[in-house]
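Structure first, then comments.
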Amino acid sequence: MSHHHEEDHLHRLRHSAAHVMAQAVLEKFPTGKVAIGPPIEYGFYYDFDLPRALTPEDLEEIEARMREIIAEGHDFVYQEIDEAAARQLFADQPFKLELIDGILSAGTDEYGEPLDEAPKLSIYKSGAFVDLCRGPHVENSKEIPPKAVKLLNVAGAYWRGDEKRPMLQRIYGTAWESPKELRQYLEWRAEVEKRDHRKLIKDLDLISFHPEAGPGLAYWHPKGGRMRIVIEDYWRKLHLQGGYDIVFTPHIGRAELWQTSGHLNFYKDSMYSPMDIEGQDYYIKPMNCPFHIMMYKSDIRSYRDLPLRWAELGTVYRYERSGTLHGLMRVRGFTQDDAHIFCTPEQIESEILRVLDFSINLLGGFGFKEFKVALSVRDPKKLDKYAGANEMWEQAEVSLLSALEARRLPYERMEGEAVFYGPKIDLHIKDVLGRTWQLTTIQFDFNLPERFDMTFVGEDGKEHRPYMVHRALLGSIERFFGVLVEHYAGAFPVWLSPVQAVLIPIADRHLDYARDLADRFRAAGLRVEVDASGDRMQAKIRKAQLEKVPYMLVVGDQEAEAGQVNLRRRDGGQGGAMAVDAFIAMAQEAVGEKRDL
RNA sequence: GCCCACGUAGCUCAGACGGAAGAGCACACCCUUGGUAAGGGUGUGGUCAUGGGUUCGAUUCCCAUCGUGGGCUCCA
């Protein structure tokens with residue numbers, strides 16, 4: 001993520017706003033120490049070491065002072081200085097001194113990244129604030145629209161992101177070219193908050209968490225369960241059509257297995273303590289791969305058997321630090337839509353293309369059509385830290401690249417981002433609010449086939465090492481579900497809705513008719529409920545509306561007599577009176593076409 | 001795990017210099033049987049997260065623990 005060479009005006013404006021904020025903070029806390037303060041995607045932040053914790057009132061005060069500083073109209077003045085002058089200038093700013101050391105000796109910039117050009121120290125002065133900074137900035141503080149700046153929150157952040165170093169206070173702010181853009185951004189944030197899956201899964205009675213029974217563990221209620229079944233059934237259908245076999249493996253395995261796989265060496269921090277079974281240590285699985293490999297090795301494999309594509313909705317448990325848990329997006333137990341592809345070197349290119357197409361098709365079914373792709377490859381400077389032969393890495397990379405190019409998918413090449421055992425591509429889907437979520441990962445593994453001594457017999461009668469590709473497309477069912485909830489704001493397309501239609505009898509005498517209809521609809525494969533409460537019709541409609549049920553079917557005297565239902569859709573649209581069969585056909589069509597309504 | 005904030009009924013939230021716990025929604029019952037987003041009444045429901053401490057007295061103050069939230073780090 002190289003965000004700091006941006007030169008456009010908005011970035012300069014935000015960077016300058018960060019300086020103005022630092023000035024305001026230092027005025028309030030003259031003994032405060034400043035760390036770094038860059039522009040970021042929607043604004044800026046600055047990290048401080050202050051004598052006390054900041055309060056929301058402090059933020060208001062600082063923000064008010066920022067507006068005054070902006071109005072004072074300070075020029076941002078750039079100046080290059082030598083080391084001695086810099087050290088003197090920042091004598092009481094230890095973080096800045098450390099940055100100076102970094103720039104001069106290690107040749108790294110203020111973010112700790114390597115510098116291309118010769119080390120050069122520069123400062124920016126604006127008003128009473130001087131910062132070690134290479135800019136760029138706006139010319140004058142008046143370029144920052146005072147009413148388009150807002151401080152958002154305070155959070156802890158480690159100096160240089162290192163948890164062994166001091167915890168600083170980070171103030172996040174946002175800044176825009178105009179108050180209107182600020183308002184739009186704040187509205188966007190409000191929309192994000194409204195769609196928060198943690199709120200919606202509770203309101204819609206889909207999933208709950210029970211911290212007292214263990215944090216980070218999801219409980220799928222009946223309505224969440226219905227949706228999960230729909231998701232999984234669709235997943236299974238596509239996998240079977242797509243040439244996968246579906247397998248099931250245990251949840252625990254002996255220590256020896258995890259020793260062989262290397263997990264006890266490299267992944268132990270994420271694994272739970274072992275349990276003792278008849279004197280043997282067993283671990284609950286954090287991954288499914290070793291089990292699939294056991295199955296692979298249960299027989300002699302011929303090149304004629306390959307490729308093998310084994311998929312499993314495998315539930316794994318991983319230790320995540322308590323502070324990192326976050327609703328469904330980060331949990332301690334989750335089900336991966338995992339699969340492993342074992343194939344020959346000749347097959348690898350077509351297999352990669354196949355899995356890429358498969359993934360795009362699967363995600364498309366859920367309404368995700370836009371992707372960002374990251375191709376993670378080796379760090380060319382550290383080729384020795386990777387497992388697997390050089391030519392395997394090269395072939396793997398070619399196969400990933402050519403698949404992306406065959407489908408004309410723009411991608412970002414991330415050098416050094418590959419895991420030690422193989423290169424990978426990750427798909428980030430874009431949701432309706434423009435946010436991206438990493439779900440899909442398609443990953444080569446040059447390590448496990450080696451460790452488990454996996455082989456297949458080739459045409460030549462000799463043993464060869466198969467290629468192994470690990471892939472998870474939805475990622476985890478839990479996270480994917482959370483993304484779905486936020487993407488649709490809980491108003492799911494008909495095929496996913498836990499309740500597709502609610503029958504709303506106008507008076508109690510219409511209950512029998514409503515129940516008869518419910519049976520007919522269920523027989524036709526629809527998920528329906530009858531609202532048999534004592535509420536009035538209007539209240540029943542309101543309730544169904546809040547539950548975001550796609551179809552509300554009002555039945556009263558007229559409908560019962562004519563064998564009809566009176567349709568109201570979730571979007572407020574009136575379908576009017578229609579024959580029961582006509583409604584069934586319409587609903588089935590909406591399901592079949594995965595329509596919203 | 002770390003920094004900061006927070007934890008009151010199933011949900012959303014009031015509350016008190018430390019002196020007998022409140023509302024709305026939900027739920028139950030009764031009345032109302034209604035035509036496209038809330039009809040009315042009555043009632044049930046809380047060890048004020050847990051455990052210590054200070055105090056005549058703690059839901060309120062202090063400490064610890066657990067959990068949640070905003071971030072950092074890490075990641076499906």
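Note that this is a predicted model, so its numbers are computed, not measured. Note on naming: letters A, B, ... go to the chains in the order of the sequence lines (proteins, then strands), and numbering restarts at 1 for each one.
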Rounding to the closest angstrom, what is the interatomic distance between A21(B) and U60(B) at atom C1'? 12 Å
Does a side-chain N or O from Lys199(A) land closer than 4.0 Å to OP1 or OP2 of U12(B), or not? no
Between OH on residue Tyr411(A) and CG on residue Leu400(A), distance to nearest 0.5 Å: 10.0 Å
Hey, does Gln538(A) reach any base, or is it just sugar-phosphate, or nothing, if we go heavy atoms under 4.0 Å? sugar-phosphate
Can you tell me, in whole Å, how much space there is between the C1' of A23(B) and that of C48(B)? 16 Å
Re G67(B): Watson-Crick or G-U wobble partner, both distances kept under 3.5 Å, found to be C6(B)
Is Arg479(A) side chain donor-acceptor paired with the C75(B) base, going by distance under 3.5 Å alone? yes
Say you pick atom P in U32(B) and the same atom in A16(B); how far apart are they, in whole Å? 43 Å
Hey, does Gly475(A) reach any base, or is it just sugar-phosphate, or nothing, if we go heavy atoms under 4.0 Å? sugar-phosphate
Name the nucleic acid region contacted by Ala472(A), choosing base, sugar-phosphate or nothing; use a 4.0 angstrom heavy-atom cut-off, strictly under. nothing
Side-chain N or O of Arg198(A) less than 4.0 angstrom from OP1 or OP2 on G70(B)? yes
With respect to the phosphate group of C74(B), does any side-chain polar atom (N or O) of Thr324(A) fall under 4.0 Å of OP1 or OP2? no
Would you please say whether a donor-acceptor pair under 3.5 Å links the side chains of Trp437(A) and Glu486(A)? no
Could you tell me how far C17(B) sits from C61(B) if I compare only their P atoms? Round to whole Å. 11 Å
Base, sugar-phosphate alone, or nothing: which one does Leu546(A) contact when heavy atoms must sit under 4.0 Å apart? base
With rounding to the nearest 0.5 angstrom, report the CD to CZ distance, Gln169(A) to Arg52(A). 8.5 Å
Should Asp445(A) and His470(A) be marked as a side-chain hydrogen bond (donor to acceptor under 3.5 Å, both in side chains) after you check the CA-CA gap, both sets of side-chain angles, and the distance that decides it? CA-CA 7 Å; Asp445(A) 195 324; His470(A) 168 107; over 6 Å; no
Between CG of Asp531(A) and CE of Met537(A), what distance do you get to the nearest 0.5 Å? 11.5 Å
Using the salt bridge (Lys or Arg N to Asp or Glu O under 4.0 Å) rule, pick out the option among Arg236(A), Lys285(A), Arg471(A) that qualifies with Glu312(A). Lys285(A)
Using a cut-off of less than 4.0 Å, is there contact between a side-chain N or O of Tyr158(A) and OP1 or OP2 of C74(B)? no
For nucleotides G34(B) and G24(B), find the distance between their P atoms and express it as a whole number of Å. 29 Å
C1' gap between G7(B) and U44(B), integer Å: 25 Å
Taking the six-membered ring of Phe44(A) as reference, does the NZ or CZ atom of Arg14(A) fall below 6.0 Å from its centre and within a 45° cone about the axis? no
Say we look at C2(B) and A64(B): how far apart would their P atoms be, to the nearest angstrom? 12 Å
Using OP1 and OP2 only, check whether a side-chain N or O of His326(A) sits under 4.0 Å from G70(B). yes
Side-chain atoms of Ala155(A) come closest, of A76(B), G70(B), U73(B), to G70(B)
Hey, are His251(A) and Thr315(A) close enough side-chain-wise for a donor-acceptor pair under 3.5 Å? no
Answer with yes or no whether Arg170(A) presents, from its side chain, a donor or acceptor under 3.5 Å of a partner atom in the base of C72(B). no
For Phe209(A), report the nucleic acid contact type (base, sugar-phosphate, nothing); a contact means any heavy atom under 4.0 Å. nothing
I'd like to check, for Phe334(A), whether its ring lies over the base of A76(B) with centroids under 5.5 Å apart and a plane angle smaller than 30°. yes
So for Glu320(A) and G1(B), does any side-chain atom that can act as donor or acceptor lie under 3.5 Å from a complementary atom in the base? no
Any base atoms under 4.0 Å from Val316(A), or only sugar-phosphate, or nothing? Heavy atoms, all strands. nothing
Starting at CG of Leu474(A), measure out to CD of Gln336(A) and round the result to the nearest 0.5 Å. 11.0 Å
Does OP1 or OP2 of G1(B) have a side-chain N or O of Tyr319(A) closer than 4.0 Å? yes
Rounded to the nearest Å, what distance is computed from the NE2 atom of residue His428(A) to the C1' atom of nucleotide C75(B)? 12 Å
I'd like to know if the side chain of Arg228(A) pairs up with that of Thr335(A) as donor and acceptor (distance under 3.5 Å, no hydrogens or angles considered). yes
Detail all sub-3.5 Å separations between protein N/O atoms and N/O atoms belonging to nucleotides 31-33 of chain B.
from   : atom 1 : to        : atom 2 : distance (Å)
U33(B) : O2'    : Arg509(A) : NH1    : 3.2
U33(B) : O2     : Asp508(A) : N      : 2.9
U33(B) : N3     : Asp508(A) : OD2    : 3.4
U33(B) : O4     : Asp508(A) : OD2    : 2.9

Can you label the angle between the Phe444(A) ring and the Phe446(A) ring as parallel, tilted or perpendicular, going by 30° and 60°? tilted
Pick the C1' atom in C56(B) and in G1(B), then give their distance to the nearest Å. 43 Å
Can you pull out the residues from residues 564-574 of chain A that lie within a 4.0 Å heavy-atom distance of RNA chain B? Asn566(A), Arg568(A), Gln574(A)
